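Naming: A, B, ... by sequence-line order, numbering from 1 per chain. Since this is a predicted model, take the numbers as computed values, not measurements.
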Amino acid sequence: MIMPFTQKVLQIIQGIPEGKVLSYGRVAALAGNPRGARQVSRILHSMSGKHELPWHRVVNSTGKISLPRGRGYELQRALLESEGVLFSPSHTIDLSICLWQPLDLAEKSDEIIF
DNA sequence: CCACTGACTACTT
DNA sequence: CAAGTAGCCAGTG
């Protein structure tokens, strides 16, 4: 069975939960190609419309939206904010809070941290 | 197969 | 922090 980089990227992006984001580089790394950040962006370009991709949950590594104003920036920001993602005064997302980590608390849940 | 492109990233000025 | 540079690699024609 073939699993092109592209397909894997799509799977990963579809797995991002609400209120969380991933950087292009992160997605690429999870897809098995730490250097494939640019491919991720290209994929989003061609597939975001045909697949139901939460493309808005993908930002660049600095926590900023890569899209230029008037070309999707405002839309992406609006979608993220509607999911509870907070933006800093400088149009950046606080990745230390919103960056999705597949490990997350899933494995630690056997002990309550409270 | 080759050349070009891109919603990137890390590093250096 | 902004701007420039180099590396990166899959899709497209």
Side-chain angles (χ1 to χ4, degrees):
Chain A
M1 166 184 183
I2 60 169
M3 184 53 130
F5 175 72
T6 305
Q7 290 300 314
K8 200 153 186 183
V9 168
L10 294 177
Q11 294 288 308
I12 292 167
I13 292 176
Q14 289 176 335
I16 303 176
E18 278 187 17
K20 293 290 178 182
V21 299
L22 275 180
S23 70
Y24 298 90
R26 254 342 220 283
V27 173
L30 292 172
N33 194 337
R35 315 292 195 188
R38 312 193 72 159
Q39 284 56 268
V40 175
S41 69
R42 235 185 41 72
I43 291 165
L44 261 45
H45 253 289
S46 43
M47 319 295 275
S48 63
K50 315 196 184 297
H51 299 246
E52 293 192 357
L53 286 180
W55 58 270
H56 54 276
R57 298 193 187 128
V58 184
V59 296
N60 65 31
S61 65
T62 68
K64 278 187 182 171
I65 292 173
S66 298
L67 298 163
R69 290 204 113 197
R71 270 303 248 177
Y73 172 88
E74 309 213 1
L75 173 60
Q76 180 166 15
R77 175 167 177 164
L79 288 169
L80 289 173
E81 289 185 316
S82 73
E83 291 183 356
V85 176
L86 301 178
F87 281 73
S88 300
S90 34
H91 312 275
T92 55
I93 296 171
D94 189 338
L95 292 178
S96 65
I97 296 175
C98 299
L99 182 64
W100 180 51
Q101 303 174 99
L103 299 175
D104 214 353
L105 304 177
E107 306 199 44
K108 299 188 168 194
S109 57
D110 54 295
E111 250 193 57
I112 304 180
I113 305 182
F114 263 86

> Is there a side-chain contact between A:S41 and the phosphate of B:dC8, meaning an N or O under 4.0 Å from OP1 or OP2?
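No.
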> Please assess A:E83 against A:K20 for the test salt bridge (Lys or Arg N to Asp or Glu O under 4.0 Å), listing each intermediate value before the final yes or no.
CA-CA 8 Å; A:E83 291 183 356; A:K20 293 290 178 182; over 6 Å; no
> Rounding to an integer number of Å, can you tell me how far A:I43 CD1 sits from C:dA10 C1'?
7 Å
> State, yes or no, whether a side-chain contact exists between A:I43 and A:L10 at a heavy-atom distance under 4.5 Å.
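Heavy-atom side-chain distance check passes, below 4.5 Å.
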> Please give, in whole Å, the distance from B:dC8 C1' to A:F5 CZ?
11 Å
> Any idea which of B:dA7, B:dT5, B:dC8 is nearest the A:R42 side chain?
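Nucleotide nearest to A:R42's side chain: B:dT5.
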> In whole Å, what is the span from the CG atom of A:N33 to the P atom of B:dC8?
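Taking atom P of B:dC8 as the reference, CG of A:N33 is at 16 Å.
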> Which whole-number value in Å describes the distance from A:H91 NE2 to C:dC1 P?
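It works out to 13 Å between those atoms.
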> Tell me: CG of A:L44 to C1' of B:dT5, nearest whole Å?
16 Å
> Does B:dT9 have its OP1 or OP2 closer than 4.0 Å to a side-chain nitrogen or oxygen of A:S61?
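Looking at the OP1 and OP2 atoms of B:dT9, one of them is under 4.0 Å from a side-chain N or O of A:S61.
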> Check whether any side-chain N or O of A:T6 sits under 4.0 Å from OP1 or OP2 of C:dG11, and answer yes or no.
yes
> Taking only the side-chain heavy atoms of A:R35 (C-beta and beyond), determine which of B:dA7, C:dC8, C:dT12 contains the nearest atom.
C:dC8
> Per the atom types in the model, does the base of C:dG7 pair as donor or acceptor with the side chain of A:R38 at under 3.5 Å?
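Indeed there is one.
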> NA contact type, A:G25, heavy-atom cut-off 4.0 Å: base, sugar-phosphate, or nothing?
sugar-phosphate
> Calculate the interatomic distance between A:M47 atom CE and B:dA7 atom P; express it in whole Å.
16 Å
> CZ/A:R57 to CG/A:L99 distance, rounded to the nearest 0.5 angstrom?
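So the gap between those two atoms works out to 14.0 Å.
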> Whole-Å distance between B:dC8 C1' and A:N60 CG?
8 Å
> What does A:T62 touch in the nucleic acid at a heavy-atom separation under 4.0 angstrom: a base, only the sugar-phosphate, or nothing?
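Here A:T62 touches no strand at all.
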> For residues A:R77 and A:H91, is any side-chain donor paired with an opposing acceptor at under 3.5 Å?
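Checked: A:R77/A:H91 side chains pair up, N/O donor to acceptor below 3.5 Å.
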> Distance check, C1' atoms only: B:dA7 and C:dG13, in whole angstrom units.
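Approximately 22 Å lies between the C1' atom of B:dA7 and that of C:dG13.
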> Hey, does A:L86 have a side-chain heavy atom less than 4.5 Å from the side chain of A:I93?
no
> What's the CG-P distance between A:L99 and B:dT9, to the nearest Å?
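So the CG-P distance, A:L99 to B:dT9, works out to 11 Å.
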> Donor-acceptor pair under 3.5 Å: do we get one between A:Q39's side chain and the base of B:dG6?
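Counting by modelled atom types and ignoring angles, a donor-acceptor contact under 3.5 Å is found here.
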